[in-house]
Amino acid sequence: MAPFPCARYGAVEDDLHVLLLCPFEARAWSLLHAVKRPTVAPSTTSNLLITSHSCINLPPTGLNTPLCPWFLWNLRKSRNKLCFEDHSFSEWEIVSKSIKDAKEWSSSQNPSTPSIKVSPRRPPIPLTSQLSLDQITCHADAAWDSISGNCGYGCLFSGNGRSLPPNVSDSRSFVSSALMGEALAIRAAVMTAFPGAYHFSLSFETIVFSFISRLCNVDADCVAKSALDSLNLLSSNGV
């Protein structure tokens, strides 16, 4: 594809820009539920396609087939929709459409296999409603930038007791993946709630870790993204 101005940011646009280098596409990549995503700009589109084969889907996608081909295809389609139909999709819409397309393709490969109907998941019961006076809960989340390798995370504590640990908003550089960012968030939550937890963990009466969707974790997600934005701003200013 011959280079011409980017429809979103005005920079020079070519295949690599459309599929990876544009800030919009970079944000979409950071939302993809996968590890081993491209973190360094390849020299050619062919190298990008080869690199994308190493991406590994994470459990939230529910996929056993490669996701990246559908993701790259939808990045291209979204760019064409913007240029030729003046219709814009959000980063999350592109990721969701890619997962949907991959699932539809996977299902069509085995038409003789009866489909298994899965009952819709019920919204999780708020943990705070189950707490006694001496229990606390913590919502933690992380946001990772695949281009800079920066990560922000937040931990918000709540409970029925009077004394709660301080909320956490922090960031780190040189983080290898989104999964590593989530691990940093969990570690920060545990170490803040229980200083020296490694030394007296045997005295815990109960400790529970539970996965909840992003829609049920909006506050912690906002804290994490704010911390990441602050670190990216400092990095861009050479601090």
By side-chain contact (heavy atoms from CB on, under 4.5 Å) - contacts of P165 (at least two apart): I136, F157, T192, A193
Using the rule that Ile, Leu, Val, Met, Phe, Trp and Tyr join whenever any side-chain heavy atoms are under 4.5 Å apart, tell me whether I99 and W92 fall into a single cluster. yes
Write down the atom of A140, the atom of I186, and the distance for their closest heavy-atom approach. CB-CD1, 4.4 Å
Those residues at least two apart in sequence (or on a different chain) that pass salt bridge (Lys or Arg N to Asp or Glu O under 4.0 Å) with K81 are E85
CZ of R79 to CD1 of I94, rounded to nearest 0.5 Å, is 13.0 Å
4.5 Å side-chain heavy-atom contact, Y153 and D141: no
From W73 atom CH2 to S78 atom OG, the distance as rounded to the nearest 0.5 Å: 11.5 Å
Return a table of donor-acceptor pairs under 3.5 angstrom between the side chains of residues 222-230 and protein atoms on other chains or two or more places apart.
{"residue": "K225", "atom": "NZ", "partner": "D221", "partner atom": "OD2", "Å": "3.3"}
{"residue": "S230", "atom": "OG", "partner": "S226", "partner atom": "O", "Å": "3.1"}

Could you walk me through whether F71 and D101 pass side-chain contact (heavy atoms from CB on, under 4.5 Å), step by step? CA-CA 9 Å; F71 180 66; D101 290 347; over 6 Å; no
State which residues pass ring pair (Phe, Tyr, Trp, His ring centres under 6.0 Å) with F89; sequence neighbours excluded, sorted by chain then number. H87
Taking the side chain as C-beta and beyond, is there a heavy-atom pair between E25 and E91 under 4.5 Å? no
4.5 Å side-chain heavy-atom contact, L184 and W144: no
Mind checking what makes side chain to side chain donor-acceptor pair (under 3.5 Å) contact with S98, not counting sequence neighbours? N74
List in chain and number order the residues that pass salt bridge (Lys or Arg N to Asp or Glu O under 4.0 Å) with E182, two or more places apart in sequence or in another chain; answer none if no residue qualifies. none
Listed partners of S148 passing side chain to side chain donor-acceptor pair (under 3.5 Å), at least two apart: D145, N150, N232
Using side-chain contact (heavy atoms from CB on, under 4.5 Å) as the criterion, list what pairs up with N80, not counting sequence neighbours. R76, F84
Donor-acceptor contact below 3.5 Å, side chain S106 vs main chain A102: no
How close do A26 and I147 get, counting heavy atoms only, and between which atoms? CB-CG1, 3.5 Å
Results of side-chain contact (heavy atoms from CB on, under 4.5 Å) for L72 - residues two or more places apart only: L19, W29, L48, L49, S52, L75
Summary of salt bridge (Lys or Arg N to Asp or Glu O under 4.0 Å) pairs that have at least one residue in residues 169-180, sequence neighbours excluded: D170-R172
Nearest heavy-atom pair of V95 and A28: which atoms, and what distance? CG2-O, 3.7 Å
L164 reachable from L156 in the ILVMFWY side-chain graph, under 4.5 Å edges: no
